[in-house]
Amino acid sequence: MSLDDPTALPDTALTTAALAFVFGNESAALAHHSVRSYLFAQLRARHIEAVDGRDFDGKLLFLACVLHDIGLSELGNGDHRFEVDGADAAATFLTTQGLPSGDVDAVWEAIALHTSPGIAERRGALCEMTRSGVAMDLGRDIDFVTDAQAAAIHRAYPRLSVERALVDSIVKQVTARPEKGPRYSLPGDLARERALPPHVTGIEQGGVQSRWNR
């Protein structure tokens, strides 16, 4: 990420292909969320003085963040909870792109664990930073992000009511196939919250109160 441009993205054949894959298969709201998650993860890396190539692999962080919700697309909708389906779909895509198997496995793990608090943080920098980037885009742990940085990111990738879009996509999958929302999982919890009055989830309520939506 450029020190002057918080919206800068890596420019390689693989990153270009990954963006095309995501924007071609996900809704605009979810695709924008995925890119913002990477941009926020990069800001956090700078904030904690983590160095690409020493403390984490920036290429893999980009891939994990940008691909983390591909399980909510029609292409990625399989037999498991969306995080695992997304990890599988991302792994298939990255393998066809020629990414080495060890790197594919690392991205798979980061995507599969991105909704697993207390576990992702114990599985290394890639998992922890992917989860942090996603959480930041939902308004958590963002005090160090300046208004100018946030404004630039949201101009480039508007929010498009992402909290509602995200929950709608997850609950739609679980409603159609309840096995995709096992108890004590994020998909299962969201489906149960939506089923009970006032039919609004914590993610949606948090979005209303978030600094990003003020």
Legend entry - Minimum heavy-atom distance between Gln149 and Phe144, given as atom pair plus value: OE1-O, 4.2 Å
Inset, instruction - Would you mind checking if Asp189 and Arg183 are paired as a salt bridge, meaning a charged N to carboxylate O distance below 4.0 Å? - result: no
Inset, instruction - Classify the ring geometry between Phe23 and His32 as parallel (under 30°), tilted (30 to 60°) or perpendicular (over 60°). - result: tilted
Legend entry - Electrostatic pair Arg123-Glu109, nearest N-O below 4.0 angstrom: yes
Inset, instruction - Could you tell me whether Arg159 and Asp137 make a salt bridge, using a distance below 4.0 angstrom between a side-chain N and a carboxylate O? - result: yes
Inset, instruction - Tell me whether Leu113 is reachable from Val104 by hopping between hydrophobic residues (I, L, V, M, F, W, Y) whose side-chain heavy atoms are closer than 4.5 Å. - result: no
Inset, instruction - Just grab all the ring-ring contact (aromatic ring centres under 6.0 Å, His included) pairs involving residues 179-201, residues at least two apart or on different chains. - result: none
Legend entry - Ile142 reachable from Leu61 in the ILVMFWY side-chain graph, under 4.5 Å edges: yes
Legend entry - Single-linkage hydrophobic cluster Phe82~Leu166, side-chain heavy atoms < 4.5 angstrom: yes
Inset, instruction - Would you check if there is a donor-acceptor pair between the side chains of Glu163 and Asn213 at a distance under 3.5 Å? - result: yes
Inset, instruction - Identify, with sequence neighbours excluded, every residue that meets salt bridge (charged side-chain N to carboxylate O under 4.0 Å, His left out) alongside Asp79. - result: Arg177
Return a table of donor-acceptor pairs under 3.5 angstrom between the side chains of residues 89-98 and protein atoms on other chains or two or more places apart.
| residue | atom | partner | partner atom | Å |
| --- | --- | --- | --- | --- |
| Thr92 | OG1 | Asp88 | O | 3.1 |
| Thr95 | OG1 | Ala91 | O | 2.7 |
| Thr96 | OG1 | Phe93 | O | 2.6 |

Inset, instruction - Decide whether Ile111 and Leu19 are clustered together by the hydrophobic rule: side chain heavy atoms of Ile, Leu, Val, Met, Phe, Trp, Tyr closer than 4.5 Å, transitively. - result: yes
Legend entry - SB check Lys180 Glu83 (cutoff 4.0 Å): no
Inset, instruction - Taking all non-hydrogen atoms of both residues into account, name the closest pair between Ala18 and Phe62 and its distance. - result: CB-CE2, 4.3 Å
Legend entry - Hydrophobic cluster membership, Leu39 vs Leu30, 4.5 Å side-chain cutoff: no
Legend entry - Any donor-acceptor N/O pair, Thr16 side chain to Ala13 backbone, under 3.5 Å: no
Legend entry - Basic-acidic side-chain contact under 4.0 Å: Arg194, Glu204: yes
Inset, instruction - Report yes or no: do His68 and His33 form a side-chain donor-acceptor pair below 3.5 Å? - result: yes
